[in-house]
Participant: 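The following block contains the structure, expressed as structure tokens.
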Amino acid sequence: MVVTRFAPSPTGYLHVGGARTALFNWLLARKTGGKFILRIEDTDLKRNTPSATQQVLADLHWLGIDWDEGPEVGGPNGPYFQSQRKEIYDYYVQKLIAEKKAYYCFDTAEEIERLRKEAQTNKQTFLYPRPQRFPEPEEARRAAAEGRPVTVRLAVTETEPIVVKDLLRGEVVFNPAEIGDFVILKSDGLPTYHLAVVVDDELMGVTHVIRGQEHLMNTPSHMLLQKALGFRTPQYLHLSVTVSESGGKLSKRERPETLRKAILQSDADLDALAWAGGLSRQELDLFLSGEKIPDMPAIDAMATYLGIHLPEINVVDFLKSGYLPETMVNFLALLGWSPADGQEIMDRQTLIASFDLNRLNKSNSFFDRKKLLAFNTEHIKRVPADMLVKHFRVFLETVGSPAAAADDAMLGHLLRINEGARTLAQIEEKCRFAFVADEAIEYDPEAVKKVLRKEGAIDILKTIAQRLQMLETFTAESLEAMLRHLAEEKQAGLGKIAQPLRVAITGTTISPPIFDAVNLLGLERTIKRIERAVQLFGQA
RNA sequence: GGCCCCAUCGUCUAGGCAGGUCUAGGACACCGGGUUUUCAACCCGGCAACAGGGGUUCGAAUCCCCUUGGGGCUACCA
């Protein structure tokens, strides 16, 4: 049976690159009827936080990537948090030491750094100088007592070339002489990634490791470790990386960086900005000098304050921008893979049915947000109505929209009258006017100038208000008939009637179709808003 | 610097492994037009690529080599 896994390090929200890796592992497991394991690689105490783990899980849930073993669901190979598997790793480390395949080291960071610099000036690859005689456990205990850092390194004695059989790239040959004795147990007693990953993959029965290309260079080290421990070697497949417009690998840093540049270029009041982000002025300055990156809510708040749009990087950023999980899964799958039939828009089931490792491609791909938008437009059209309502609600709640208070029937209605929308955010923006108090409507100066200040606009509004009051029954039909009739009467296009009305009730030139917009507000509130607009913009 | 990976329209890609059917197909973007009560959506049309050089071969986008370009890694991070 095929067993795959996704093993994120919880350093924050799940970003799209990680999501793509998770997706390919998940697709392979689902396609083959295998098993997909989620394992949390939280051995870096400095960077990992429990809340980050929750964020990653929530993001996976949102994407609809479910796991057969892991946090929340458990399984026979747990625990699924590496921080809870310390004894397991210790056992293997001791075994390697006893077999003289690994040894203790007591170097300080400074000493290592000095050796590394030295190698660099000599233009050589840094290789840790293995001692003639491996220290005894007793010596390690003494060193630790003296306060020296104690680590364990694998003794790399292999002389034959190491061949990584990559499912995508074929055989990649590495020279073992270039692999130094690497650390497998850190001085804090926790394993390094290399040891943990090898032990866990073996113990959890992982058969296929699909991971980013950045791990290709680690693979020979992992194979060495597997050999030393008498483990099996899983099938490896190293995915191409996804690059962003700035050239390099898509990175979480991109959002704070974009914001930082924007702040530096703007003439914003920094004290007010810091306040908006919930930061002290000092913290903001540290951010601007590039020394410290604030957390995500602060970044988001400052971007909102400045009115700038940051590139979406984390999965949750896409949720907040109004993308559907169906869109994300579909789009991510097509970054480096394509189905034999050339279909592009696919639902989850189709994706699974068409998935085939042989159709993965090797070159790096660029994350094209415009294409993503087109995909989203398409998926909004295709996702079943009740599912779309669910997504819409999650979106509204996540961004804290006043429309979140509406019931499902209303949300369904909003979605229907906004056919053709590109994102849920767009729909929310267009309909928000109906969920705020009449007096809270803010008139966009541009819209007022372009529409309400135009000759005759106010008169038309007055006429509309009158006719609305005269309406016997207020229905979508009677409203449409009235407005169309009015347009004919004035010998004008419907636009001449609809635009002033639109601006009067929404404050902007953008809204759902005018009949739907008025209908959404209701008779009374429409009249009230028209009257307010007339009052505000009636006199020159 | 060293090691490794990659290379088809602006972008994602099909074709490549099993050379001829490729005057290189699709999608997105872009441009032009249509439709229209705003924004979208929608319809029609158009632009646009085998990085360069050498081989192999009757024949190369496809196989080989070099160059160039891009990317990754080079931690007691994963």
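Heavy atoms only: backbone and side chains are in, while hydrogens, waters and symmetry mates are out. Below, chains carry the letters A, B, ... as their sequence lines are ordered, and counting in each starts from 1.
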Participant: Identify whether any heavy atom of A:G493 sits under 4.0 Å from a base atom; if not, whether one sits that close to sugar-phosphate; answer base, sugar-phosphate or nothing.
Facilitator: nothing

Participant: Given B:U37, B:A78, B:C76, which nucleotide is nearest the side-chain atoms of A:Y193?
Facilitator: B:A78

Participant: Searching all strands shown, indicate the nucleotide that pairs with B:G1 (Watson-Crick or G-U wobble; both distances under 3.5 Å).
Facilitator: B:U74

Participant: Expressed in angstrom and rounded to an integer, what is the separation of A:M217 atom CE from B:G72 atom P?
Facilitator: 13 Å

Participant: Between B:G2 atom C1' and A:R116 atom CZ, what is the distance in whole Å?
Facilitator: 14 Å

Participant: Kindly write out the residues that satisfy ring pair (Phe, Tyr, Trp, His ring centres under 6.0 Å) with A:H413, not counting sequence neighbours, or none if the list is empty.
Facilitator: none

Participant: Determine the Euclidean distance between corresponding C1' atoms of B:G54 and B:U68; express it in Å to zero decimal places.
Facilitator: 14 Å

Participant: Side chain of A:E378 only, heavy atoms from C-beta on: which candidate in B:A41, B:C42, B:U37 is closest?
Facilitator: B:C42

Participant: Nearest-Å distance, NE2 (A:H215) to P (B:C73)?
Facilitator: 9 Å

Participant: Does any nucleotide pair with B:C39 by Watson-Crick or G-U wobble geometry, both distances under 3.5 Å, and what is it?
Facilitator: none

Participant: Could you tell me whether the side chains of A:N218 and A:S221 share a donor-acceptor contact shorter than 3.5 Å?
Facilitator: no

Participant: How long is the gap from CG on A:N418 to CD1 on A:I427, to the nearest 0.5 Å?
Facilitator: 5.0 Å

Participant: Output the rounded distance in Å from NZ (A:K117) to P (B:U74).
Facilitator: 17 Å

Participant: From OH of A:Y103 over to C1' of B:C76, roughly how many Å is that when rounded to an integer?
Facilitator: 13 Å

Participant: What does A:E178 touch in the nucleic acid at a heavy-atom separation under 4.0 angstrom: a base, only the sugar-phosphate, or nothing?
Facilitator: sugar-phosphate

Participant: Do we see a donor-acceptor contact under 3.5 Å between the side chains of A:N376 and A:T423?
Facilitator: no

Participant: Could you tell me how far B:C63 sits from B:G16 if I compare only their C1' atoms? Round to whole Å.
Facilitator: 10 Å

Participant: May I ask you to verify whether the side chain of A:S187 and the base of B:C76 hold a donor-acceptor pair under 3.5 Å?
Facilitator: yes

Participant: Name the closest nucleotide to the A:K186 side chain, picking from B:A78, B:U38, B:A7.
Facilitator: B:A78

Participant: Determine whether any donor atom in the side chain of A:K381 lies under 3.5 Å from an acceptor atom in the base of B:A41, or the reverse, and answer yes or no.
Facilitator: no

Participant: Do the ring planes of A:Y103 and A:F134 sit parallel (below 30°), tilted (30 to 60°) or perpendicular (above 60°)?
Facilitator: parallel

Participant: Could you tell me the separation between the CG atom of A:N361 and the P atom of B:A61, rounded to a whole number of Å?
Facilitator: 20 Å

Participant: Measuring only the C1' atom in each nucleotide, how far is B:C28 from B:C9? A whole number of Å is fine.
Facilitator: 12 Å

Participant: Go through B:C12, B:A41, B:C6 for me and flag the one nearest to the A:R169 side chain.
Facilitator: B:C6

Participant: A:I179 CD1 to B:U74 C1': how many Å, rounded?
Facilitator: 12 Å

Participant: Is a donor-acceptor contact shorter than 3.5 angstrom present between the side chain of A:N218 and the base of B:A78?
Facilitator: yes

Participant: Using both distances under 3.5 Å as the test, list the Watson-Crick or G-U wobble partner of B:A7, or none.
Facilitator: B:U68

Participant: Which one is paired to B:C63, where only Watson-Crick or G-U wobble pairs with both distances under 3.5 angstrom count?
Facilitator: B:G55

Participant: Between A:A421 and A:V173, which is nearer to the 5' end of RNA chain B once each is assigned its nearest nucleotide?
Facilitator: A:V173

Participant: If you measure from the P atom in B:C6 to the same atom in B:C42, how many Å do you get, rounded?
Facilitator: 38 Å

Participant: Report the residue (A:L168 or A:E41) whose heavy-atom-nearest nucleotide on RNA chain B is the more 5′ of the two.
Facilitator: A:L168

Participant: Please name all residues satisfying side-chain contact (heavy atoms from CB on, under 4.5 Å) with A:M204, sequence neighbours left out, ordered by chain then number.
Facilitator: A:I37, A:R39, A:N77, A:Y80, A:R85, A:D200, A:V206

Participant: Tell me if the side-chain of A:K430 makes a donor-acceptor pair with the base of B:C39, cut-off 3.5 Å, by modelled atom types.
Facilitator: yes

Participant: Using Watson-Crick or G-U wobble geometry with both distances below 3.5 Å, tell me the partner of B:G32, or none.
Facilitator: B:C44

Participant: Can you tell me, in whole Å, how much space there is between the C1' of B:G25 and that of B:U8?
Facilitator: 12 Å

Participant: Tell me yes or no: between the side chains of A:R211 and A:T219, is some donor less than 3.5 Å from an acceptor?
Facilitator: yes

Participant: So A:Q213, base contact, sugar-phosphate only, or nothing? Heavy-atom distance under 4.0 Å.
Facilitator: base

Participant: I need the CZ-C1' distance between A:F515 and B:U36, as an integer number of Å.
Facilitator: 12 Å

